[in-house]
Amino acid sequence: MSGRAPRGGIEAVSAAIVAMNRRLEVREVLQTIVGSARELLDAQYAALGVPDDHGGFAQFVVDGVSDEQWKAIGPLPRQHGVLAAMLREATPQRLADVRDFESFAGWPRAHPVMKDFIGMPVADGDEILGAIFLANKNAPPARDTPPARDVPPAKNCPAAPAGFTQDDEDLLRILADHAAIALTNARLHERSRELTLAGERARIAHELHDAVSQKLFSLRLTAQASAALVDTDPARAKEELRQVAALAAEAADELRAVVVELRPAALDDDGLVATLRTQADVLDRVHAARVTFHADRMRALPAPQEEALLRVAQEATHNALRHAHPRSVAVTLEGHGGGGATLRVRDDGRGFDPTAVRRAGRHLGLVSMRDRADGVGGSLSVQSEPGRGTVVEMEVPGG
């Protein structure tokens, strides 16, 4: 690195590297990289794009742009102009004015105006994992110059001109090298967890087959025997029916034991907030609707409460995506001052009449969610009407 690096630069890079490597979720790693880059280089805007194979970006995270601005900007950018040049040639770009770049094609109307620009590819060997972009470096503040002897007091020195420097490029290159390691590790972690979950599903399927199907087979034979004895030996038929009830209860207990045993691996490893954020990110990628997650003031809750919140969030989100045809689904989780939390899943879909749904019998999802809330001493409410979306809200105590 250049000897002109700003004081504290190495320490700041070190802190950013530590922060990146604390994260195991890809989305969190990307957001940490972007925030660290913007802070290190003192820029107004920062972004990181992970390219897909179709000329666009599989993921694109920003820092310095509000949620309202981001929504107003519109669809994700394509790989064109300076972005395409960086990804194609795998070389950094440092420009005094990005608008002068040879293939600059303008921005959407709501896009903030950007001038000075720096970008750095994030690469693992020959593979380009993405690129970090920063724009509009903040100018250093003006300094007061003490008057010299016998010289009239001078006016404040003007602020130094803004613009990214070679020092900035050196810092960003170091950050990008470590970002590649952190991003690769996060992807390996997610892949490992997917394999673990697949193995867990296979194990549970095997247990269900062995434990429950045998009970159901016995129940079926006993029920057939009782039916044959109803006319010839009512007393024995009654006894067989008692056995049917006992076998049914045992089968239900076996099934419940397997389901209770399956506390989601991601929940154990990462906690409720990270698990919900990951699931929202996955759903956001695979559905046309925008799926978001936000958590505020959350602390760890007892395992039963966390699992109930996770299951209700999954059920409510999937119901919205399957049936409501929404443009957006927002999942929020807010901790209470005295413990406990409130989960809220809001969609802007077509909504429904809860009374009509209950009358028609299509309410198993609602019943299941209420049962989960009741099971941990919580409560669940559903607000909806045709054309006005749906809000599912669940409150749980801290335990």
Side-chain angles (χ1 to χ4, degrees), residues 1-2 4-20 23 27-51 57 59-70 72-73 76-77 79-87 91-101 104 106-108 110-123 129-143 158-180 182-183:
M1 184 170 8
S2 164
R4 304 188 309 273
R7 182 175 297 180
I10 292 295
E11 292 83 353
V13 173
S14 177
I17 291 168
V18 170
M20 284 188 294
R23 311 295 180 183
R27 185 81 179 186
E28 286 189 349
V29 169
L30 296 176
Q31 198 68 60
T32 303
I33 295 169
V34 168
S36 299
R38 180 174 170 235
E39 181 178 357
L40 281 172
L41 273 64
D42 193 20
Q44 289 184 12
Y45 306 109
L48 192 157
V50 176
F57 288 92
Q59 293 174 294
F60 200 90
V61 297
V62 297
D63 196 64
V65 177
S66 68
D67 291 341
E68 292 74 18
Q69 285 178 303
W70 184 241
I73 289 171
L76 293 181
Q79 295 175 31
H80 61 82
V82 67
L83 306 188
M86 286 176 51
L87 294 171
T91 56
Q93 295 281 346
R94 182 154 52 94
L95 307 169
D97 193 333
V98 68
R99 296 167 294 184
D100 294 335
F101 190 76
F104 178 76
W107 297 300
H111 198 287
V113 175
M114 296 181 177
K115 185 182 177 185
D116 45 303
F117 173 95
I118 188 171
M120 183 71 63
V122 177
L129 304 179
I132 308 172
F133 323 114
L134 298 103
N136 295 14
K137 184 175 177 67
N138 294 312
R143 295 179 293 106
F164 295 102
T165 66
Q166 183 62 48
D167 289 330
D168 293 324
E169 186 174 326
D170 293 338
L171 283 172
L172 191 57
R173 181 177 289 105
I174 293 172
L175 186 70
D177 288 342
H178 287 275
L183 184 55

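Positions are given from 1 along the sequence.
- F101 is linked by a side-chain contact (heavy atoms from CB on, under 4.5 Å) to V82, A85, Q93, L95, S103, F104, counting only residues two or more places apart in sequence or in another chain.
- Taking CG of L83 as the reference point, atom CZ of F117 lies at 6.0 Å (rounded to 0.5 Å).
- Note that CG of D116 is 5.5 Å distant from CG of N136, once rounded to the nearest 0.5 Å.
- Judged purely by atom type and a 3.5 angstrom limit, Q31 uses its side chain to pair as donor or acceptor with the backbone of V62.
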Note to self: Working note: R99 + V113, criterion side-chain contact (heavy atoms from CB on, under 4.5 Å); need CA distance, chi angles, decisive distance, verdict.
What the structure shows: CA-CA 10 Å; R99 296 167 294 184; V113 175; 3.8 Å; yes
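- Closest approach of A131 and L87 over heavy atoms only: CB-CD2, 3.9 Å.
- Looking only at distances, a side-chain donor or acceptor of N138 sits under 3.5 Å from a matching main-chain atom of D42.
- Between L41 and K137, the shortest heavy-atom contact is O-NZ, 2.7 Å.
- Ring geometry for W70 against F60 counts as parallel: the plane angle stays under 30°, on a 0 to 90° scale with 60° as the upper cut.
- In this structure, I33 CD1 and H178 NE2 are separated by 11.5 Å, a value rounded to the nearest 0.5 Å.
- Considering every non-hydrogen atom in both L134 and A37, the closest pair reads CD2-O, 3.4 Å.
- Taken to the nearest 0.5 Å, the CG atom of L171 stands 12.0 Å off from the OG atom of S36.
- Counting only heavy atoms from C-beta outward, the side chains of L172 and L40 never approach each other to under 4.5 Å.
- Residue E39 qualifies as open at atom CD: its count of foreign heavy atoms under 6.0 Å is 12 or below.
- At distances below 3.5 Å, at least one donor-acceptor pair connects side-chain atoms of R38 with backbone N or O atoms of Q44.
- For the pair R173 and P92, the tightest heavy-atom approach, listed with the atom from each and the gap, is NH2-CG, 3.8 Å.
- Note: M86 CE to M120 CE = 7.5 Å, rounded to the nearest 0.5 Å.
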